[in-house]
Every structure is written in C-alpha cells, then in structure tokens.
Amino acid sequence: MAWYIGRRLLQMIPVFLGATLLIYFMVFALAGDPIAALGGERGLNPAVAAQLREHYHLNQPFLVQYLLWLKGLLTFDFGTSFSGRPVRDVMAGAFPVTIQLAFVALFFEAVFGIAVGLVSGLRKGKLFDSTFLIVSLVVIAVPVFVIGFTMQFLVGVKLGWLPPTVGGNVNIRTLLMPGIVLGSVSFAYVLRLTRTSVAENMTADFVRTATAKGLTRRRVVTVHVLRNSLIPVVTFLGADLGGLMGGAIVTEGIFNIPGVGNTLYHAIQQSEAPTVVSMVTVLVMVYIFANLLVDLLYAALDPRIRYA
Amino acid sequence: MKIRRIGGLTAAIAVSALALAACSSSPSATTTTTAASGPSTGIVTVNGSEPQNPLIPTNTNETGGGKLLTLLFAGLVYYDAKGAPHNEVADSITTSDATTYTIKLKSGWKFTNGEPVTSKSFVDAWNYGAKLSNKQLSSYFFEGIQGFSYDADSDLTGLKIVDDSTFTVTLKQPEADFPLRLGYSAFYPLPSVAFKDMTAYGQDPIGDGPYMFKDASAWEHNVKADVVPNPGYIGDRKPMNGGVSVKFYTSQDAAYQDLLANNLDVDDAIPDSAFGVYKTDLGDRAVNQPAAIFQSFTIPQNLAHFTGAEGNLRRQAISLSIDRKTITDKIFQGTRTPAKDFTSPVIAGYNPNLTGSDVLDFNPTKAKDLWAQANAIAPWSGKFTIGYNADGGHQAWVDAVANSIKNTLGIDAEGSPYPTFKDLRTDITKRTIKGAFRTGWQADYPSLYNFLGPIYGTGAGSNDGDYSNPQVDALLKQGLAAKSVDAANKYFDQVQEILFKDLPAIPLWYSNVTGGYATTVTNVQFGWDSVPLYYAIKKA
C-alpha cells in the first residue's frame, strides 16, 4: 500500500513539469500583447510599454520566461501579477474561498444525489423515480447560468431568503445558494449514476444470496447494494472535485465570489502568465490528489480491490 | 484617461475599456433628492472593482483604483458635479503667458500621518510619476512640463519650489487648459513616506483627502475597501456620511442584484441586460444622464478606398448612412445619446450646432449619392469592416451599424470581432488592423481639448488612425495658447468643423451614465465623470 502511494506521488513530478510547461506555452501563445491593454483606449507610450515589458520579462524568449518562473518556484515565489501583488497572495486569497464553495457543492450533490438516487433505484419505474428522472433531465439540459440567475433573482432578490451575492462574507449562509447552483448538474449525474447502479445491483447474485440468508431489507440495501453501487459514484465525485474548483467561473461570476474561477478568468483575459500557470498548476495537483484518493477509496468500498 | 474593464463570463458586460477621471463636487451642486441637513453616520456601500494597480496616483489609469484615489486624496483643484474646477489645496493658480504657472497652496493641509502638504509634496510626486524607469501608466500627463523625456530618466526641470507653499510650473509650450487638468488623480501630492517604499505605500496609501483607509488592511483584495472620514480634512468635500465601503464586483449584473436586494446603496453601472427594466425597478432612484464619454469608429487614414478625394466622399457617405437615433433607442434603450460633435454635452463649451454637423444625420439619399460619386473616381471593391473586442458587449451595436451601412449603401459591411480588448489593442498599436475599428474616449478632465488634441493632433498619443492635418494642428496650438477657455473653445470649434469634413473617425453617440441607488440613501448625485459624489451621500 505504502509502495503504491509512493509510486503514485513520484508520478506527479513529470505530470507537474509537463502541465506547467504546456500551460505556460498556451498563455504565451495567446494572441495579443498583455501590455497593450494596460493603457486602455488611450494606449501606452512606447517607451513606458518597453519598460514594463522588460520588468515582466515579456521581451524574453518563451523558454527563458518559463525557466525564470520555475526558478522562482524553488523559493515559493510564484511571480507577481500586473497589479504588483505576489501571485502567492493572490492564490492564498482565492483558493480557500473556492475550496469552501466546492465542498458545499460536493456535499449537496453527494448527499442529495445519492439519497434520491437510492430511493429511485429501489422504486424503479414508480412515480418518485419518474419525477426525479425528469427533474434531473431538466437540470442537465438548462445551462448553469440560467439556473444561477433565476435562483439569484427569486431567492435572493424577490424572496430575500439568502443574500444574492457573496462578496466578502464567505460563510455557509452566503455560499449555500452558489453551492447548490454549482453542484446542480453534478447532482443530476450522481442521482442517475446511483439509480442505475442500485437498480442493477438489486438483481445481482450476491444480493439474492444476502436476501436468501434472511438478512433484513435495510441491511441488504445499505451494506450490500449501496456500498457496491457507490464505486462509480465515488469515481465521478472525485473527478468532479477538480472540475468544481476550476469550473466555478460562471457561478463565481454570477454570485460575485472572489475565488479561483473569477481570478483565473481575469488573469487569462490579461495574459498574466504567472497567475494563470500557478493557479492551474495547483488545480492540476488537486485533480491528481483527488484521483489518488478515489483509487484508495475503491479498496475500502470493494474488498476485492487490493493495491500492492 | 482611466479605463474601465469589468469582466464576467456569463453576461456580456457593457463597457469594456473606457476612461474616467477623478472628481467630486461642491455641496452646493444640484441634488437629485432632498435630505435633512447635517451629516449622517451610516456607512454607504457602493460598487467598484479591484484596482488593477497599486494605489499610486500616477500609476492608476482605470476606474477601480480611480474611485478610491478620489476619496483618499485632495489635489490642487477638484471638479464639481458639472465639471467646473474649484481650488482645493491650491490657494491660487496664476499665469501671464499660459506657459509658466505660479501655484500657491492653502495653509493647514495635512496628510493623515500628520505631515503637512507642501509644494515639495507635489513636486516630488510629479517627478516620481514622470520618471521613465518608474514606468507609471499615467506618466503622459507630465509630457508638457519642461524636462519631461521618454528617452531617458530626467527630472522635470520646469518644476521649481519657491517656498513651502509656492511652486512654479514651466511648460514646454503654452497650454491654457493646464489648470483644468490639475484635478486629475495623476497630479495628487504624495507624503515623503511614500518614496521610501512605494510598493508598500500602494497597498495602504496615506492621502490628504476627505476619507482615509480604516486601517492598514482596509483594502481586502478582490473583496472591498473601507474608508472612513478623515478628521483632519479641511476642504469643501466634507463627508456627509460615516464612511464608504467600496465593494468590488466582477460583473455588473451581480452589483445590480445587490442593489435590488438593498445589499448595495449606490450602483453606478447598470448592466445592459437590465437596460429595459431598471427604470421600472428603481423608479425615481434610477439615474440616466449624459457622461463625458464619446464613442466612434476610426477609419485609418491609409485604408484602401478611404484616402484622398475618394476617401473623403466615402467617409461622408458612411457617416450619413448610419441611423444613430434608431440604434441608440433600440439597442441601448436610450442609454446613449446620438453624437452631434466630437466631444461631449457635459463639457463646458459644447456646441451641438457646429457647421458641418449635419454629416451626422441619417440621410440615405445623400449617402447613396456621395458613394456613387466616389465610385466614379474609383470603383468600390471588398468589404467594409469594423473591428471590436468581443469581451466588451459591443457586438450588438457594431452589427447594427454595419447593417445600417449595408442597407443604405448596398455594400458588404460587417463587424470584425477580436476575442479580447488586448488583442484589438495589439493590432491597433502595431497598425496591422485591416479596416475600421471602434474607438471610445472618456475625458480625463472637463475640457474640449481633451477630446481633440490627444486623438486628432499629428502624432498624438491616441491618434490611432494616423490622422494628420496641419490646419488642425495649428488651430489646436492656437487654442492652447489662448487667454481664456472661451477664446480657446472658438479655435476648438474650428477644429471640429474641419473634422466634420475629414471625418478621421465617425462619431456615433455619447454614453450616458446609468446608475441607481437604494431606498437607504439620500442626496445621491452623479458627477460629470459618471462617478457619484460619494462624500455628499447621506445614510442614516
């Protein structure tokens, strides 16, 4: 087990280098001169622009820029943004917010998705099942920003139950609505995955055996059916965590959440390479760790899976 | 000019990059609501955006930072709601030849750390802002002062300290509207502590304005900035509230929802998605008034078919073929005003009836006729394009303008989108753009010259179309050397009459400032530069 984890961790080094190089190159290849936009419609004087370009190493070849960034990384210096803030500070401000948001979303989609999916799976074809099949279809079909704006207007403005935006007050109350919106699509997927998996396992041999042994229905469902049905769901949730953190751009924009998505969106717009690369790299790492965690969870869920 | 860049993927955000200048107003200016007399104690929450640069006056060229600087600093002059300058720290600004200015300061002004505001505070700050290696974004404001150089680091030799409360400014050439500029944020003074560590200062600036940062961590990045009244402030912009909390928004829609939910007191940017409903939503708390923002599209001077006599006819024809009234009504729901000149109605000296301004009317018959005359010189070929940045909500009007041209002249016309503002600017700066492109201008200071000199003077900083007309240059120079603003404006009117013939850019409309406020506040008025006069707002 320890050997397995160690090997997986070692594999992260080439992934890290490859990912950063690739992302750095993509930002570098973005059309347009980042300095050109700093002056607005007026434009910058060429002399001032040249000074700025030199300051941010933008006049250096791509590989030199990348190596300079890597060199800084050794001392935990992620570079500075165009606003003169260390990227480390920018990330330290944005990530905690997005992590909280992602967990609210993950909690919502996992708890409600699995619960509703389980009931649907057990009552396949009944009214409850059909209702939630339609609900999940609608949620998947409607773009997330439509759900976001509608909920914001109804719940936040018209009814006044929850604050319409988050801003500086990052807490469970303000994050509840954005979290539900962010997790809504995944909720639908989790629901459908669980439902299918449960329905399939209900007819499996080991379930029939368990029932034949005289176990209570409760025990059959929770221990035998649900536990085995969760494997695909856990895979999905693990992969989704990375997606929730990086993919919250739309939700963060609607609810004015000062998180990763918003920061990243602006950094990409301005071709701010150090910010983009550092943040995306952290996201890649989160993704890799989440995957590792999922793989380890398999072993816990299914005794037949062993790592050596 | 200050630029405004508000993002937000979900909604096409209206203004992508526009200028803005610092401002404020005298308490005697007209008010939009009545209020009980005497100051109030509530904290007013207003919308803003994360400053894109450290809060150093000479390095702030966008609205997010500009809004805070106006609260934190007092300059030599300030502008009232109508854009008229009033002395703030300055006691007098005098000149006999429009080249050398003697500036006397009032006594008793202090920075919030107790340091007195002296002539040195101004001279050092301006020298810092002008120095090339400091790479300040607003360094061009000091271009006109003797000693300024873009080639190497140099001192502004034109600045001379006479004593603690007097200094003189010598310009390279006469500029009559120089005093008008002094209210812009680039001209604010700096305390000596700033020069020890400018980076640290930019995070927690010490100013001499009506407000000051609540504490060292008052600026919460990407979240908000809180300012409280500066008890030592002795100017006219006396705070009438208990403080201002500027909340940073990345999308105008989010700010608007907060305004509707009474989570935000004052919003100065209604999203275009709400143009149709904001007047119903807000009633008499909705604000829609002209601003010092001029929108146009520029046709480069060297564009094929747009040079010489043929080009002149085509430029006229294109201008006459645009139905500005319908476009501003249908697409902008009346939040734009069709242009009548090259400046803005809020600027003193604005004249909507200049000779030749009829070229901005919608006149399809004349347009077709002129286009045919141009075809007689050289037949038209190809397609007419208008470049714009797709991240700024410009597509709707560009398409409408292109269609208007297409339908009137029967030629192929269309918008040419660039993914981001940055991409558009790159192509414009390199002069590689193939076609017309959108241009906008927001005044830095309330003067006709600011709309003309930087854009249409030969070789001027924002002359992106490379327009050059010796007559225009001469008139601009004469206007600058004039003895009074009124006399200067006579020359600027003549400049515009030439521009109506040459049409280096096709004027479209003036942007209005669209905003609103919640039931929680009173005495809300919007300034000439589209920013509400925050100090005057009352909240219980």
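Because the structure is predicted, anything quoted here is derived from the model rather than measured. A, B, ... follow the sequence lines: proteins, then strands. Residue 1 opens every chain.
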Could you tell me which non-hydrogen atom of B/Ala261 sits nearest to which non-hydrogen atom of A/Gly156, and how far apart they are? CB-O, 3.9 Å

Count the heavy atoms belonging to other residues, nucleotides or ligands that lie under 6.0 Å from [atom1] of [X], then report whether that count exceeds 12.
| X | atom1 | result |
| --- | --- | --- |
| A/Phe95 | CZ | yes |
| A/Phe103 | CZ | no |
| A/Phe112 | CZ | no |
| A/Phe107 | CZ | no |
| B/Phe142 | CZ | yes |

Let me confirm one number: the [atom1]-[atom2] distance from [X] to [Y], rounded to the nearest 0.5 Å.
| X | Y | atom1 | atom2 | value |
| --- | --- | --- | --- | --- |
| B/Lys422 | A/Leu38 | NZ | CG | 10.5 Å |
| A/Leu44 | B/Tyr140 | CG | OH | 8.5 Å |
| A/Ser81 | B/Asn53 | OG | CG | 9.0 Å |
| A/Ile257 | B/Asn222 | CD1 | CG | 13.0 Å |
| A/Asn45 | B/Leu137 | CG | CG | 11.5 Å |

Are [X] and [Y] close enough that some pair of their side-chain heavy atoms sits under 4.5 Å apart?
| X | Y | answer |
| --- | --- | --- |
| B/Gln52 | A/Phe82 | no |
| A/His266 | B/Thr250 | yes |
| B/Asp253 | A/Ile254 | no |

Does A/Asn256 use its side chain to pair, donor to acceptor, with the backbone of B/Ser251 at less than 3.5 Å? no

Tell me, for A/Ile268 versus chain B, whether the close heavy atoms (under 4.5 Å) come from the side chain, the backbone, both or neither. backbone

Under a 4.5 Å heavy-atom cut-off, does chain A meet the side chain of [X], its backbone, both or neither?
| X | value |
| --- | --- |
| B/Gln257 | both |
| B/Lys135 | both |
| B/Pro454 | side chain |
| B/Asn134 | neither |

Of B/Leu259, B/Asn263, B/Leu260, which is the lone residue that meets side-chain contact (heavy atoms from CB on, under 4.5 Å) with A/Pro164? B/Asn263

Relative to chain A, which of B/Arg425, B/Gln136, B/Glu50, B/Gln203 shows the most heavy atom pairs under 4.5 Å? B/Arg425

Leading residue by heavy atom contact count with chain A [cutoff under 4.5 Å; candidates B/Thr429, B/Asp258, B/Leu424]: B/Asp258

Write out, in numerical order, the residues from residues 47-54 of chain A with a heavy atom short of 4.5 Å from a heavy atom in chain B. A/Ala47, A/Val48, A/Gln51, A/Leu52

Please identify each residue that fulfils side-chain hydrogen bond (donor to acceptor under 3.5 Å, both in side chains) with B/Tyr418, with sequence neighbours left out. B/Asp427

